[in-house]
Amino acid sequence: MNKTIGIFGGGQLGRMMAQAALPLNIQCTFFEANTDCPSAALGPVFSTKATNGLQDFITSADVFSLEFENTPLIDVDVLTKQKDLHPPRQALAIAQHRLSEKALFDELSIPVAPYKAVTSLDELKLAVEQLGLPIVLKTSRGGYDGKGQFVLRTVDQIEQAWAELGPAGELIAESFVTFSREVSIIAVRGIDGDVKTWPLAENHHHNGILSHSIVPAPNSADLQPVAQDYITRLLNHLNYVGVLTLELFVTDQGLYANEMAPRVHNSGHWSIEGAICSQFENHIRAVAGLPLGSTEVVRPTVMINIIGQYPKSEDVLALNGAHLHLYNKTEREGRKIGHITLMPNNSAELTTLCRQLAKILPNPLALSEDMSI
Ligand code: AMP
């Protein structure tokens with residue numbers, strides 16, 4: 001009998017996990033505030049607002065996972081007294097707190113930008129003195145897609161930065177990293193400790209939101225083993241089961257870790273078509289205790305997010321080799337509502353496809369014409 005997997009959250013990540021689970025005859029259930037969420041087409045949604053919602057959700061499945069990294073630990077603690085959660089609670093707790101995350105990177109000798117904890121205006125002034133400017137000031141909890149951040153470039157911005165972020169609680173001040181590129185590494189660890197890693201993705205952002213990823217990241221042969229070593233240290237240290245993502249900056253001094261996400265990741269959506277086994281299928285396999293699939297690349301792939309407004313499906317699907325994924329979300333500025341996968345044969349074909357896409361997408365973001373694979 002195949003297991004049922006209960007997933008905290010019901011967004012597009014849960015939807016794509018459940019899509020990967022279906023051929024394995026694994027059913028998913030979800031725990032989410034909005035029962036009309038993107039995952040609802042794939043399985044029952046238990047409302048976080050219902051009186052017995054959590055207990056009904058716990059009863060609904062054999063083993064549990066998550067697609068939402070801010071899943072409340074209070075709920076997780078009720079669950080783990082009764083059933084197993086993959087990834088482990090500790091990974092979730094650390095990823096929810098930037099200072100703990102940085103401390104773990106330090107402990108495992110994974111390089112990070114110099115940083116200081118900040119809990120008062122005086123500590124912020126001291127951090128500026130010790131780290132120098134510019135610094136990136138971030139809330140330790142709750143930030144995502146660049147929210148809860150202030151780039152502090154001059155001393156006279158200190159008061160304003162404190163006024164904006166101070167009320168949010170504990171902060172972290174990080175030295176500004178001069179990076180040439182942002183990349184991410186995604187890996188999966190099975191219940192038996194087997195680790196498999198996908199190639200690095202090169203990630204491009206627009207207004208703090210991921211615009212597109214190119215995989216394998218061009219010119220990354222030297223970086224891949226280093227990133228693979230870092231993520232393997234994290235997986236083994238945390239006795240992790242499932243998919244983990246590590247976001248990194250490429251600098252002249254090598255790779256610096258930015259943050260980790262204890263879940264499948266937007267920069268891994270390419271793997272649905274671009275890898276032998278996708279991040280979603282391997283996550284499901286790991287959580288269900290099944291053998292992991294190959295993470296090998298089928299073809300170099302570019303994944304482009306659809307943000308805010310839908311293009312016409314017929315326009316996208318008329319592009320040679322394009323795949324379209326729609327999340328059944330309502331249109332809203334800055335919201336990720338779908339993605340497109342391109343698998344061009346070469347850089348020239350990619351350029352042609354991007355020119356065509358730029359005309360089709362209502363919001364073409366940071367797509368540049370000189371992308372190469
Ligand atoms: P985060 O929420 O930590 O992923 O940060 C969002 C974005 O802000 C990153 O993708 C980077 O582009 C930028 N960023 C974050 N931290 C730093 C840093 N220490 N130095 C330079 N840029 C940063």
Side-chain angles (χ1 to χ4, degrees), residues 13 68-70 91-92 94-106 110-118 124 127-128 130-154 157-158 161 164-165 168-186 200-215 217 220 223 227 230-231 234 244-269 303-305 307 334-336 365-368:
L13 302 180
F68 175 52
E69 75 205 55
N70 285 317
L92 187 63
I94 290 172
Q96 288 180 0
H97 190 245
R98 286 186 194 272
L99 282 161
S100 309
E101 195 173 74
K102 288 284 196 292
L104 176 64
F105 293 158
D106 281 342
I110 298 171
V112 293
Y115 66 92
K116 296 274 171 213
V118 168
L124 177 56
V128 170
Q130 290 174 337
L131 298 173
L133 289 173
I135 62 171
V136 186
L137 190 65
K138 303 179 181 177
T139 55
S140 192
R141 288 188 191 280
Y144 68 98
D145 282 350
K147 294 184 176 68
Q149 295 194 14
F150 192 109
V151 181
L152 200 52
R153 297 184 187 278
T154 58
Q157 288 178 304
I158 292 179
E164 276 186 29
L165 295 188
E170 208 174 10
L171 305 180
I172 176 168
E174 292 175 17
S175 284
F176 189 90
V177 179
T178 309
F179 56 81
S180 54
R181 296 190 283 164
E182 291 188 76
V183 294
S184 55
I185 186 109
I186 303 182
L200 279 162
E202 180 180 297
N203 300 323
H204 296 259
H205 298 87
H206 184 72
N207 293 335
I209 301 169
L210 184 69
S211 151
H212 58 277
S213 299
I214 306 171
V215 189
S220 60
L223 304 175
Y230 293 161
I231 199 160
L234 286 164
L244 176 72
T245 305
L246 180 63
E247 295 181 24
L248 299 146
F249 299 126
V250 182
T251 77
D252 290 346
Q253 289 76 44
L255 289 172
Y256 280 78
N258 178 29
E259 61 178 1
M260 66 179 198
R263 55 170 172 77
V264 292
H265 194 259
N266 195 172
S267 65
H269 293 0
M303 187 286 312
I304 295 139
N305 272 336
I307 303 202
R335 193 177 203 204
K336 293 171 183 170
L365 299 172
L367 270 187
S368 74

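Numbering of ligands and ligand atoms starts at 1, following listing order. For reference, positions follow the sequence shown, starting with 1.
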Heavy-atom nearest neighbour of atom 15 (C) of ligand 1 within options E247, E101, E174, K138: K138

Check: S213 main-chain N/O paired with N203 side-chain donor or acceptor under 3.5 Å: no

Pairwise distance CD(E69) to CE(M260) - rounded to 0.5 angstrom: 9.5 Å

Pick from H205, E182, Q149: the one approaching atom 1 (P) of ligand 1 most closely through a non-hydrogen atom: Q149

Distance-only donor-acceptor check, side chains E182 and H204, under 3.5 Å: no

N258 vs V136, side-chain contact (heavy atoms from CB on, under 4.5 Å): CA-CA, chis, key distance, verdict: CA-CA 12 Å; N258 178 29; V136 186; over 6 Å; no

Contact check: F249 vs ligand 1, nitrogen or oxygen atoms, below 3.5 angstrom: no

Ion pair check, R141 and E170, cut-off under 4.0 Å: no

Structural part of V136 in contact with ligand 1, heavy atom criterion under 4.0 angstrom: side chain

Within-shell test, S175 vs ligand 1, heavy atom, strictly < 4.0 Å: yes

Interfacing atoms of ligand 1 (cut-off 4.0 Å, heavy-atom, F179): 12 (O), 21 (C), 22 (N)

